[in-house]
Enquirer: 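My structure is below; once you've seen it, I'll send some questions.
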Amino acid sequence: MSNDDQILEEFTSKEYEHGWSVDLDADEAPAGLSEEIVRFISAKKEEPEWMLEWRLSAYERWKNMEEPDWSNVKYPKIDYQAIKYYSAPKQKKAVGSLDEVDPELIETFEKLGISLNEQKRLTGVAVDAVIDSVSVATTFKETLGERGIIFCSFSEAVKEHPELVRKHLGSVVPVSDNYFSALNSAVFSDGSFCYIPKGVRCPMELSTYFRINAANTGQFERTLIVADEGSYVSYLEGCTAPQRDENQLHAAVVEIIAEKDAEVKYSTVQNWYPGDKNGKGGIYNFVTKRGICAGDHAKISWTQVETGSAVTWKYPSCILKGDYSIGEFYSVAVTNNHQQADTGTKMIHIGKNTKSRIVSKGISAGYSQNSYRGQVQVMKRAEKSRNFSQCDSLLIGDQCGAHTFPYIDIENSTAQVEHEATTSKIGEDQIFYCTQRGIDEENAVALIVNGYAKEVLNKLPMEFAVEAQKLLALTLEGSVG
Amino acid sequence: MSTKKIFGQELIDQAEQYVSNLNGNAIAHLKDNRTQGLAYLKENGFPGPKAEEYKFTRLTKAISGKFDFATPIAQGDLPMDKIADIKKRHAGANILFFINGVYNAEQSEIVSTAEELRIDSLADRADAHELIAENSDPFQAQNNVYVNSGVVIEVPKNKKVAQPVLCYYISVDNGVNYGFVKNIYLANESSQADFVHFHFSEGNAKTFVNETKNYLVKANANIKLYKVQEESENAVYVGNTNVYQEKDSVFSSFVFTFDGEVVRNNLNIRVDGQGCESNMYGLYLAKGKTHIDNHTLVDHIQPNCNSNELYKGIIADQAKGVFNGKIFVRQAAQKTNAFQSNGNILLSDNATIHTKPQLEIWADDVKCSHGCTTGQLDEEAIFYLRARGIDKDKAKSMILLANAGEVIEHIGLGWLKMEIADKVMERLQVD
């Protein structure tokens with residue numbers, strides 16, 4: 001066995017770090033989807049009437065929709081009746097502070113490297129932890145509350161701030177936007193809600209941590225971020241799931257509303273269980289993420305590092321409605337083994353002098369397929385709008401594929417739109433340069449890949465950047481080109 | 001799927017009617033192609049409003065109910081003045097005439113010797129059916145159903161055709177106003193030839209042309225294809241150019257589109273040999289309500305090949321431009337270099353461009369890139385010229401011409417280069 005093969009062997013047999021599961025006492029709904037289940041979830045969450053109606057109408061629409069098949073991914077048909085749509089870790093009573101949270105839960109998060117307690121004291125990041133479908137703990141509530149910032153679980157928001165939720169829910173991603181968003185609208189069980197009042201700069205990073213724990217469940221969470229005039233918030237999202245043989249579905253919806261002069265930065269490190277080396281198991285990650293720059297000079301920035309999931313299907317998008325608004329999308333998508341990713345963005349320029357920037361770096365290894373699919377649309381009214389897109393692909397090994405599908409639709413003559421893409425492999429000369437200086441091949445690849453992804457990683461908040469770099473190295477370990 | 005909706009049912013019925021109306025006047029050895037084409041249409045239908053490949057170009061809608069597709073094609077009156085004029089202008093070249101898709105041997109002039117260039121009508125080549133590409137596109141299938149006239153042009157081994165082969169496709173008003181052409185070009189080992197295709201309409205009648213060109217480029221052959229499109233503002237055109245390249249061959253395609261109501265060009269190149277080179281150049285100048293759509297596909301199957309693509313568009317008034325460039329690099333096609341570039345300039349706020357440069361790569365040791373820009377004229381360049389005493393309009397035209405020049409400069413035939421440059425200058429109003 002050559003050195004390369006050895007390393008490859010070593011790597012492919014490597015296990016997913018977060019593959020364990022915990023026996024949490026869980027409250028579950030029976031498998032299957034019906035009007036009763038939707039009512040059951042709504043009742044479980046003690047939701048007001050309007051929320052239930054909203055869910056039911058979404059369910060009605062979903063029933064009449066067909067699962068889309070245009071993406072460049074292949075997976076066996078999902079049996080929507082075999083999934084459990086509600087699973088919540090059992091808690092004896094409502095928790096007032098972190099100290100009252102089930103110690104087993106806290107342990108779970110500690111195992112994940114997210115110590116809720118420590119987090120509270122040390123890093124200054126407010127965390128909303130979501131297990132399976134339910135938000136279990138939110139830290140730093142009081143500190144945030146002092147400034148009028150609302151950061152809580154979605155169900156709490158429905159109860160305590162119905163006027164805000166009602167106004168914004170579904171305003172960016174309408175119920176019937178697509179198959180998975182309709183499904184999510186009908187059965188979403190929890191998620192995070194965040195409101196930053198006028199002129200407030202959120203003093204810390206807000207973070208949601210998603211974890212699928214129970215078997216046979218789907219996770220359907222919903223995040224709604226509203227940044228009022230002149231406010232600023234940086235939001236982080238992370239996710240993991242246990243290692244299981246069957247595929248699990250994750251269909252989330254994220255909505256962002258940025259009013260005049262507001263800025264929202266949304267960063268994701270996605271590390272759902274990707275399946276084993278033969279492509280068995282793993283999460284189907286079908287996510288709808290969209291933000292709207294509703295007012296002038298608003299800014300929304302998406303940064304994502306995608307390393308997990310068996311199948312990823314996600315397009316964080318920006319609707320640039322306000323004049324002078326800015327949309328950004330920075331992405332690193334790494335696929336290995338039998339992973340498939342079809343990801344990208346949509347930038348819809350409606351307002352005048354709007355700007356958008358897309359930097360997408362795809363890395364494919366093993367037998368994986370990695371696609372960038374993006375759209376830049378400049379509407380008639382969007383005078384002097386500007387877009388720059390760059391999507392690069394790196395191939396490691398000759399069994400994988402890299403694909404780019406950029407759609408560019410321009411209806412205004414003053415718009416300036418540039419798009420460039422390249423596909424290549426890591427040069428032998430680059431590796432040689434490194435090995436000659438005593439860096440072994442493995443580290444050379446990591447070094448080169450990190451350099452390649454630097455432009456995106458630099459956009460991540462510090463806490464995430466370190467994690468993302470580690471993940472990158474881990475995902476690609478052994479796949480020397 | 002059993003629930004699949006078939007679009008363009010009327011067109012399919014007409015095609016069936018047409019086949020039965022042919023009544024033995026059909027070329028016998030193309031029977032299978034007709035049957036298969038019809039079967040394809042019945043199964044898949046014509047592209048509906050959501051068909052990805054025809055999303056921006058609604059061809060089914062553009063032709064449905066506008067033509068009597070059941071009536072067999074007739075040649076119609078020949079525009080004799082035009083023909084005489086063309087012959088005079090290109091004295092000494094090979095000229096072939098196709099009137100509403102029907103090959104007219106009588107008017108055509110072949111100056112090259114039979115050793116250098118062999119031209120047979122489709123009816124005389126019993127092996128013609130083997131050279132017809134399969135039905136991978138509904139309009140290609142429609143073409144296979146209807147085609148009853150065309151030629152097979154063969155360049156023998158080691159021959160260079162000294163004189164270019166000019167093909168004139170003229171649409172005339174003859175009552176049915178539609179034509180289906182299929183020509184097959186066979187370039188044998190180490191042969192060389194230039195083919196120039198002119199497409200235009202006589203008069204302003206509503207016409208439809210569905211054309212297929214199949215090029216078989218054998219080892220070490222070098223073929224250049226030029227296509228100049230100046231149809232009337234009521235002409236709907238759909239063309240499929242299918243190219244099959246064997247090892248060490250060079251194929252270059254140039255497409256210049258000036259007018260038409262709806263123009264759709266599909267260029268498909270399969271590179272199935274090592275050491276090949278494929279060049280694709282395009283220039284589209286759209287004005288009025290013209291809709292121009294270029295779809296190109298290069299499929300790299302074998303290693304060590306190069307492909308270059310450069311398409312430029314200048315869109316004015318309410319015109320629409322569509323560009324879709326696909327590059328496939330199959331797993332075996334290591335060491336492929338594929339470059340693609342598409343530049344567009346919109347001259348009016350009612351003009352639209354949809355572009356989609358698409359790369360699909362399954363091999364790791366490749367260099368592939370695409371670039372795509374859309375914008376208006378560079379303000380700084382205009383300022384530079386104006387600072388030197390050139391008025392604004394003139395400055396704009398000069399920059400546009402320079403832009404178009406990037407494509408024109410690659411034309412290999414001197415006289416054609418001049419002709420195209422003149423047409424572009426006339427359009428852009430540069431003296």
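So you know, we letter chains A, B, ... as the sequences are listed, proteins then strands, and number each from 1. Just so it is clear, the model here is predicted, and its values are computed rather than measured.
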Enquirer: Where on B:Leu347 is there a heavy atom nearer than 4.5 Å to chain A: the side chain, the backbone, both, or neither?
Expert: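 Answer is backbone: N, CA, C or O of B:Leu347 sit under 4.5 Å from chain A.
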Enquirer: Between B:Pro357 and A:Pro406, is any pair of side-chain heavy atoms under 4.5 Å apart?
Expert: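 Heavy-atom side-chain distance check passes, below 4.5 Å.
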Enquirer: Please rank A:Gln416, A:His419, A:Arg386, A:Glu420 by heavy-atom pairs under 4.5 Å with chain B and give me the top one.
Expert: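 Of the candidates given, the most pairs with chain B belong to A:His419.
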Enquirer: Any chance CD of B:Glu406 has more than 12 other-residue heavy atoms, nucleotides or ligands included, within less than 6.0 Å?
Expert: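 Atom CD in B:Glu406 is crowded, with more than 12 foreign heavy atoms closer than 6.0 Å.
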Enquirer: Counting only non-hydrogen atoms closer than 4.5 Å, does B:Lys55 touch chain A with its backbone (N, CA, C, O), its side chain (CB onward), both, or neither?
Expert: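 Only the side chain of B:Lys55 comes within 4.5 Å of chain A.
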Enquirer: Between A:Ser393, A:Ser389, A:Ser424, A:Ala421, which has the largest tally of heavy atom pairs under 4.5 Å with chain B?
Expert: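 Result: the option with the highest number of such pairs is A:Ala421.
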Enquirer: State whether the number of non-hydrogen atoms from other residues, nucleotides or ligands found under 6.0 Å of B:Glu380 atom CD is greater than 12.
Expert: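 No, not enclosed.
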Enquirer: Could you grab the distance from atom CG of A:Asn387 to atom OG1 of B:Thr373, nearest 0.5 Å is fine?
Expert: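 One finds 11.5 Å between CG of A:Asn387 and OG1 of B:Thr373.
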Enquirer: Anything under 30° is parallel, anything over 60° is perpendicular, the rest tilted; go ahead and classify A:His403 against B:Trp362.
Expert: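 A:His403 and B:Trp362: perpendicular rings.
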Enquirer: Step through the shown structure and confirm whether more than 12 heavy atoms of other residues, nucleotides or ligands are within 6.0 Å of OH on A:Tyr452.
Expert: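 Correct, the count exceeds 12.
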Enquirer: What part of B:Ser348 is in contact with chain A, defined as an atom under 4.5 angstrom from a non-hydrogen atom: side chain, backbone, both or neither?
Expert: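 Contact with chain A involves the backbone of B:Ser348 alone.
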Enquirer: Is chain A contacted by the side chain of B:Phe56, its backbone, both, or neither, given a heavy-atom distance below 4.5 Å?
Expert: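 Contact with chain A involves the side chain of B:Phe56 alone.
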Enquirer: Pick one of side chain, backbone, both or neither for B:Asn350, based on which atoms fall under 4.5 Å of a heavy atom in chain A.
Expert: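 When you check distances to chain A, atoms from both the backbone and side chain of B:Asn350 fall under 4.5 Å.
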Enquirer: Between A:Asp398 and B:Gln334, what is the shortest heavy-atom contact and its length?
Expert: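 Nearest heavy atoms, A:Asp398 then B:Gln334: CB-NE2, 3.4 Å.
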Enquirer: Would you say that B:Glu360 contacts A:Ser371 through its side chain, given a criterion of any heavy-atom pair below 4.5 Å between the two side chains?
Expert: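 No, their side chains stay 4.5 Å or more apart.
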Enquirer: The test is side-chain contact (heavy atoms from CB on, under 4.5 Å); show your working for B:Gln331 and A:Gln399 and say whether it passes.
Expert: CA-CA 7 Å; B:Gln331 200 197 323; A:Gln399 303 290 323; 3.0 Å; yes
Enquirer: Among A:Ile408, A:Thr414, A:Thr422, who wins on heavy-atom pairs under 4.5 Å with chain B?
Expert: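 Of the options given, most contacts go to A:Ile408.
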Enquirer: What distance do A:Phe405 atom CZ and B:Asn324 atom CG have between them, rounded to the nearest 0.5 Å?
Expert: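 Between atom CZ of A:Phe405 and atom CG of B:Asn324 there are 10.5 Å.
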Enquirer: Which answer fits A:Gln377, side chain, backbone, both or neither, if we ask what part of it has an atom under 4.5 Å from a heavy atom of chain B?
Expert: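 Neither the backbone nor the side chain of A:Gln377 comes within 4.5 Å of chain B.
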Enquirer: Go through B:Glu52, B:Lys367, B:Gln340, B:His354 and name the one with the most non-hydrogen pairs under 4.5 angstrom from chain A.
Expert: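 Of the candidates given, the most pairs with chain A belong to B:His354.
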Enquirer: Is it the case that more than 12 heavy atoms not belonging to A:Tyr315 sit under 6.0 Å from its OH atom?
Expert: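 More than 12 heavy atoms, drawn from other residues, nucleotides or ligands, come within 6.0 Å of this atom.
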Enquirer: Considering non-hydrogen atoms only, spot the tightest contact between A:Asp409 and B:Thr355 and give its length.
Expert: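 For A:Asp409 versus B:Thr355, the nearest heavy atoms are OD1-N, 4.4 Å.
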Enquirer: How close do B:His370 and A:Thr404 get, heavy atom to heavy atom, and via which atoms?
Expert: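 B:His370 and A:Thr404 have their closest heavy atoms at CE1-OG1, 4.0 Å.
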Enquirer: Testing B:Leu346, B:Thr352, B:Ile315, B:Ile345 one by one against A:Ser413 for a side-chain contact (heavy atoms from CB on, under 4.5 Å), which residue passes?
Expert: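 For A:Ser413, the side-chain contact (heavy atoms from CB on, under 4.5 Å) check succeeds only for B:Leu346.
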Enquirer: If you define the side chain from C-beta out and look only at heavy atoms, does anything of A:Ile410 sit under 4.5 Å from B:Asn344?
Expert: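 No, side chains not in contact.
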Enquirer: Counting only non-hydrogen atoms closer than 4.5 Å, does A:Ala415 touch chain B with its backbone (N, CA, C, O), its side chain (CB onward), both, or neither?
Expert: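 Only the backbone of A:Ala415 comes within 4.5 Å of chain B.
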Enquirer: How close do B:Asp365 and A:Lys425 get, heavy atom to heavy atom, and via which atoms?
Expert: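 For B:Asp365 versus A:Lys425, the nearest heavy atoms are OD1-CE, 3.5 Å.
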Enquirer: Counting heavy atoms not belonging to B:Lys61, are there more than 12 under 6.0 Å from its NZ?
Expert: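 No, NZ of B:Lys61 has 12 or fewer neighbouring heavy atoms, counting only those of other groups under 6.0 Å.
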Enquirer: Any chance NZ of A:Lys63 has more than 12 other-residue heavy atoms, nucleotides or ligands included, within less than 6.0 Å?
Expert: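 More than 12 within 6.0 Å, yes.
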